[in-house]
Amino acid sequence: MLRDISIVVSPETPPWPGDTPFDCRWTSRIADGGSVNLTAIGGSPHVGTHADAPLHVADGAPASEALPLAPFLGRAIVVAVEDASEEVTIEAIERRAPRRRIERLLLRTGRSIAGGSFPESWPAITPECARELLDRGLKLLGVDAPSVDARESKALEVHHTLFGGGAFLLENLDLREIPDGEYELVALPQRVAGLDAAPARATLRTI
């Protein structure tokens, strides 16, 4: 079974407060005499499901076109942390996924924009947890929340730790209907140039 875990993007999709919302408009319509229907879109690439690029947190770092494919394709573990405190430790993850090597980890916080509103807060892993996951082979961290860091974070330590360790990340997944377990992830970022993030169509296949 193939499950779509992407957020549907429309002008009603909640952006990060202060970020540029998604916009879609007609530039040509058959009904108005055009030979085809044409649309144009705009807005922040962080609206909806996306992969952050290292450029998002560091000047001069690789941009969206440099995002590799391999981390976004392969076996992934979905782990629920809805009942966690604001900080998710490695011990909390181990209780739900007791294994040494974790290459792709998707955290279901239950604080997703998929319901139509932007959450006030969400559980986020600690920088120490990020370092331990990197030691265990982490290539990709995905979350259903708007960020892998806490909402109020300005230092964005988890972003910096993961990128510094060679891992990548997905944000704004829709994991509401996804039970804990192991799946095959396909969540390839769009090949767009010069951005700090790239939209992604994320799916899980039941193994």
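Please read these numbers as outputs of a predicted model, since none were measured by experiment. For reference, positions follow the sequence shown, starting with 1.
Judged by distance alone, with hydrogens and angles left aside, the side-chain atoms of Glu65 form a donor-acceptor pair with the main-chain N or O of Gly194 at under 3.5 Å. A donor-acceptor contact shorter than 3.5 Å is absent between the side chain of Glu184 and the backbone of Ile207. Remark: the backbone N or O of Pro71 is paired with a side-chain donor or acceptor of Arg104 at under 3.5 angstrom. Listed for the Ser6 side chain is a donor-acceptor partner under 3.5 Å among the backbone atoms of Ala202. Of the possible donor and acceptor atoms, none in the side chain of Asp23 sits under 3.5 Å from a partner among the backbone N and O of Gly42. Listed for the Arg108 side chain is a donor-acceptor partner under 3.5 Å among the backbone atoms of Ile178. Although no hydrogens or angles enter the test, the distance criterion places no donor-acceptor pair under 3.5 Å between the side chain of Arg111 and the main chain of Ala145. When atom types are taken as modelled, the side chain of Asp196 and the backbone of Val57 share no donor-acceptor pair closer than 3.5 angstrom. Of the possible polar contacts, none joining the Arg96 side chain to the Asp180 backbone as a donor-acceptor pair under 3.5 Å is found. The backbone N or O of Gln190 sits nowhere less than 3.5 Å from a side-chain atom of Ser64 that would complete a donor-acceptor pair.
Leu2 and Leu106 fall into different hydrophobic clusters, where Ile, Leu, Val, Met, Phe, Trp and Tyr side chains are chained together by heavy-atom contacts under 4.5 Å. Under a hydrophobic clustering in which Ile, Leu, Val, Met, Phe, Trp and Tyr are joined whenever their side-chain heavy atoms come within less than 4.5 Å, directly or via other members, Val158 and Ile90 fall into the same cluster. In this structure, Leu133 is a member of the same hydrophobic cluster as Leu156, with clusters built from ILVMFWY side-chain heavy atoms closer than 4.5 Å. Residue Ile102 is grouped with residue Val79 when hydrophobic side chains (ILVMFWY) are merged at heavy-atom distances under 4.5 angstrom, including chains of intermediate members. Ile7 and Val192 are not part of a single hydrophobic cluster, where members link through side-chain heavy atoms under 4.5 Å apart.
Note that CZ of Phe22 is 5.0 Å distant from CD1 of Ile41, once rounded to the nearest 0.5 Å. Atoms CG and CG, on Asp144 and Leu170 in that order, are 12.0 Å from each other to the nearest 0.5 Å. Of the inter-residue distances, the one linking Lys139 atom NZ with Leu73 atom CG reads 10.0 Å to the nearest 0.5 angstrom. For the atom pair CD1 (Ile125) and CG (Leu162), the distance works out to 5.5 Å, reported to the nearest 0.5 Å. Thr203 contributes atom OG1, which lies 7.0 Å from atom CD1 of Ile5 (distance to the nearest 0.5 angstrom). For the atom pair OG1 of Thr126 and CD of Glu132, the computed distance is 10.0 Å after rounding to the nearest 0.5 Å.
In this structure, Val148 and Asp52 have side chains that are not in contact, with every pair of non-hydrogen atoms separated by 4.5 Å or more. Side-chain atoms of Arg131 and Thr161, non-hydrogen and from C-beta on, do get closer than 4.5 Å to each other. Side-chain contact check for Leu141 versus Leu107: some heavy-atom pair is nearer than 4.5 Å. Looking at heavy atoms from C-beta onward, His56 lies out of side-chain contact with Pro45 at the 4.5 angstrom threshold. Residues Val8 and Thr13 fail the side-chain proximity criterion, which asks for heavy atoms closer than 4.5 Å.
Between Ala114 and Ser112, the shortest heavy-atom distance links the atoms N-OG, 2.9 Å. When every heavy atom of His50 is checked against every heavy atom of Gly48, the shortest pair comes out as ND1-O, 2.8 Å. Considering every non-hydrogen atom in both Val88 and Cys129, the closest pair reads O-CB, 3.7 Å. Contact detail for Val9 and Val47: the closest heavy-atom pair is CG2-O, 4.0 Å. Across all their heavy atoms, Pro189 and Leu67 have their closest contact at CB-CD1, 3.9 Å. Smallest separation of non-hydrogen atoms from Pro119 and Ile113: CD-CG2, 3.9 Å.
If you check the side chains of Asp149 and Ser147, you find no donor sitting under 3.5 Å from an acceptor. Using modelled atom types, one finds no donor on one side chain facing an acceptor on the other under 3.5 Å when comparing Asn172 with His46.
Taking the six-membered ring where the residue is Trp, Phe168 and Phe72 present tilted rings, their angle falling between 30° and 60°.
Note on Arg75 versus Glu182: salt bridge recorded, some NZ/NE/NH1/NH2 to OD/OE distance being below 4.0 Å. At a threshold of 4.0 Å, the pair Arg95-Glu91 does not count as salt-bridged, since none of the basic side-chain nitrogens sits closer than that to a carboxylate oxygen.
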Practice problem: Would you check, one step at a time, whether the test side chain to side chain contact (heavy atoms under 4.5 Å, CB included) holds for His159 with Leu169? | Solution: CA-CA 8 Å; His159 279 78; Leu169 51 99; 4.0 Å; yes

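By the 6.0 Å contact criterion, CD1 on Ile30 is enclosed, its count of non-hydrogen atoms from other residues, nucleotides or ligands being greater than 12. Residue Glu87 places its CD atom among 12 or fewer non-hydrogen atoms of other residues, nucleotides or ligands, all under 6.0 Å distant. In the displayed structure, Arg201 atom CZ is contacted under 6.0 Å by at most 12 heavy atoms of other residues, nucleotides or ligands.
Of the candidates Ile77, Leu140, Val78, Leu185 forms a side-chain contact (heavy atoms from CB on, under 4.5 Å) with just one, namely Leu140.
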